[in-house]
Amino acid sequence: MKRAGKAFFTENLLIWNSEINTRNMPWKGEKDPYRIWLSEIILQQTRVEQGWPYYERFIKAYPTVNHLARASDDEVFRHWQGLGYYNRCRNMLAAARTISKDYQGQFPHTYESILALKGVGAYTAAAIASFAYGLPHAVVDGNVYRVLARYFGIQTPTDTTEGKKEFTLLAGELLDKTQSAAYNQAIMDFGAVVCKPQQPACSSCPLSTQCLAYQTGRVEQLPLKTKKIMIRQRFFYYIILIYNKQVYIRKRKEKDIWQNLHEFILLEQPCPVTQAELLASEGYRAALPGVSFKVEGLSAPYKQQLTHQTIIAQFLTLRGKGRAPALEGYQLVPQSMLNDYAFPKTITSYLEKSALGLTLF
DNA sequence: AATGCGGGGCA
DNA sequence: TGCCCAGCATT
């Protein structure tokens, strides 16, 4: 691929990194592949500021990959609670156990063997390979797409097969193979600090004289993306059925959002319904056949915006009468034990706001 | 090639 | 509100 200014780009990016870049993060300069891997998993599609405290907590709770591999699923999910994209947590655990068993706790040393780990894709494998072992693999993440699309004026959408191929090839050509760790760290820091998504610091950018987007007034338009996602609305009605300071919960197993997190008795409806309609619904009769109770109240709607759907949740508190029935798929747990289970943000928000554990029991 | 998967921060 | 974030797995 013939493009102007490649040598200028790499040279001046590295100068910026050594002379101007002051960005600091707990995992920066880290050589322990376990710690690098952990940070990269946490940071997938996640802002540094959001992932930072999670990283600190995970390192403290699990100092080595063997500690993590030995931990129970539920305990690790509790540490992950609130971070989102929960399959990352499941894959992370699977990878930790692979490393602990198949590799005797020694992190794999080649790009291909790192890439084979669960939850590790091209980006994460390149990051670990370069940061931990100095291997010559260029990272391609959201920062890299943005920096390269602007500097080289590339109009190929980044969310296409062609785009991924084109940007990956270019990134590999730009990499300084004698210092791949420094180069990879530099381009991501540069994208985060200078060539930001909004309000990039072009006036102080050392690459602006050769930046095609800057020179042609297209900085705000690049990089390009094609797909626009359809956002679906879902209406969740959670029944909080209480018997003597105990409440029914279950772990979400189905292939859907919040897999492996816990929830109360869920009645999902295709459209908004009133309390009376809910109690007369078919879903209610199926979930709670013949249960006798007193209605405590229906909460206000809790709205949560996910990437592909909007969850509108309401919580209906019922105080059961008589003996607590066994409900298929649900377990009855004391209110005081709720902190031992991982819940989605919508539910923890409700629990905090309603002070369920303080007043209702 | 297209889709699904969280949660938070920002203009 | 819409966009983006140290992406990946699945279909």
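Quick note on labels: first sequence line is chain A, next is B, and so on, each numbered from 1.
- A donor-acceptor contact under 3.5 Å links the side chain of A:R47 to the base of C:dC4.
- Backbone-only contact: A:Q309 has heavy atoms under 4.0 Å from sugar-phosphate atoms and none from a base.
- If you check distances only, the side chain of A:T46 never reaches the base of C:dG7 with a donor-acceptor pair under 3.5 Å.
- Heavy atoms of A:S39 sit nowhere under 4.0 angstrom from any nucleic acid atom.
- Straight-line distance from the CG atom of A:N87 to the P atom of B:dT3: 19 Å, rounded to whole Å.
- With P as the reference atom, C:dC8 and B:dG9 are 24 Å apart, rounded to whole Å.
- Look at the P atom in both C:dA6 and B:dC5: the space between them is 23 Å, to the nearest Å.
- Contact between the side-chain N/O atoms of A:K345 and the OP1/OP2 oxygens of B:dG8 is found at a separation under 4.0 Å.
- In summary, the aromatic rings of A:Y248 and A:F264 are positioned with their centroids too far apart to meet the 6.0 Å limit.
- Whole-Å rounding puts the A:M92 CE to C:dA6 C1' distance at 16 Å.
- Considering only the side chain of A:Q44, C:dC8 comes nearest among C:dA6, B:dA11, C:dC8.
- When each of C:dA6, C:dC5, B:dC5 is scored by its nearest atom to the side-chain atoms of A:Y85, the top-ranked nucleotide is B:dC5.
- Note on A:N184: nothing from the nucleic acid sits closer than 4.0 angstrom, heavy atoms only.
- The distance from atom CG of A:L224 to atom P of C:dC4 is 10 Å, rounded to the nearest whole Å.
- For A:F107 and A:Y34, the distance between ring centers is not under 6.0 angstrom.
- Checked by atom type and distance alone, the side chain of A:E277 pairs as donor or acceptor with a backbone atom of A:T274 at under 3.5 Å.
- Distances were taken from every side-chain heavy atom of A:Q50 (C-beta onward) to each of C:dT1, C:dA6, B:dG7; the shortest belongs to B:dG7.
- Of the two residues near DNA chain B, A:Q259 and A:D159, the one whose nearest nucleotide lies more 5' is A:D159.
- A:Y123 and A:Q44 are not linked by any side-chain donor-acceptor pair at a separation below 3.5 angstrom, with hydrogens and angles left out of the test.
- Residues A:V120 and A:W27 each lie close to DNA chain C; by heavy-atom proximity, the contact nearer the 5' end of the strand is made by A:W27.
- Between A:Y62 and A:H67, the gap from one ring centroid to the other reaches at least 6.0 Å.
- Considering only side-chain N and O atoms, A:W258 lies under 4.0 angstrom from the phosphate OP1 or OP2 of B:dG7.
- To the nearest angstrom, P of C:dC5 lies 15 Å from CE of A:M25.
- For A:K225, whose side chain is taken as the heavy atoms from C-beta onward, the closest listed nucleotide among C:dG7, C:dC5, C:dA6 is C:dC5.
- In the set B:dG6, C:dT11, B:dG8, C:dT11 carries the atom at the smallest distance from any side-chain atom of A:K255.
- A:R57 forms a cation-pi arrangement with A:Y54, by the criterion of a distance under 6.0 Å to the ring centre and an angle within 45° of the ring axis.
- Aromatic pair A:W258/A:Y86: ring centres not closer than 6.0 Å.
- The CD1-P distance, from A:I311 to B:dG7, rounds to 9 Å in whole Å.
- Contact annotation: A:N143 side-chain N/O to C:dA6 OP1/OP2 distance is under 4.0 Å.
- Using a 4.0 Å heavy-atom distance criterion, A:L83 is classed as a base contact.
- Along DNA chain B, the nucleotide closest to A:Q198 and the one closest to A:T307 are compared, and the more 5′ of them pairs with A:T307.
- For A:Y111 and A:Y133, the distance between ring centers is not under 6.0 angstrom.
- Checking the phosphate oxygens (OP1, OP2) of B:dG6, no side-chain nitrogen or oxygen of A:R88 falls inside 4.0 Å.
- Across all strands shown, A:A192 has no heavy atoms under 4.0 Å from either base or sugar-phosphate atoms.
- Residue A:H308 places its side chain closer to B:dC5 than to any other of C:dC5, B:dG6, B:dC5.
- Regarding A:I41, its CD1 atom lies at a distance of 16 Å from the P atom of B:dG6, rounded to whole Å.
- Comparing atom distances between the A:Q45 side chain and each of B:dG7, C:dA6, C:dG7 picks out C:dG7 as nearest.
- Out of C:dA6, C:dC4, B:dC5, the shortest distance to the side chain of A:R23 is found at C:dA6.
- In the set B:dG6, C:dC5, C:dA6, C:dA6 carries the atom at the smallest distance from any side-chain atom of A:V48.
- Counting any heavy atom pair closer than 4.0 Å across all strands shown, A:G51 reaches no nucleic acid atom.
- Between A:L306 atom CG and B:dG6 atom P the separation is 7 Å, expressed in whole Å.
- When the P atom of B:dC5 is taken as reference, atom CZ of A:R234 falls 7 Å away, rounded to whole Å.
- Listed nucleotides C:dC8, B:dG6, B:dA11 differ in distance to A:Y86; the shortest reach to its side chain belongs to B:dG6.
- Nearest-nucleotide mapping onto DNA chain C: of A:Q185 and A:L115, the residue sitting toward the 5' end is A:Q185.
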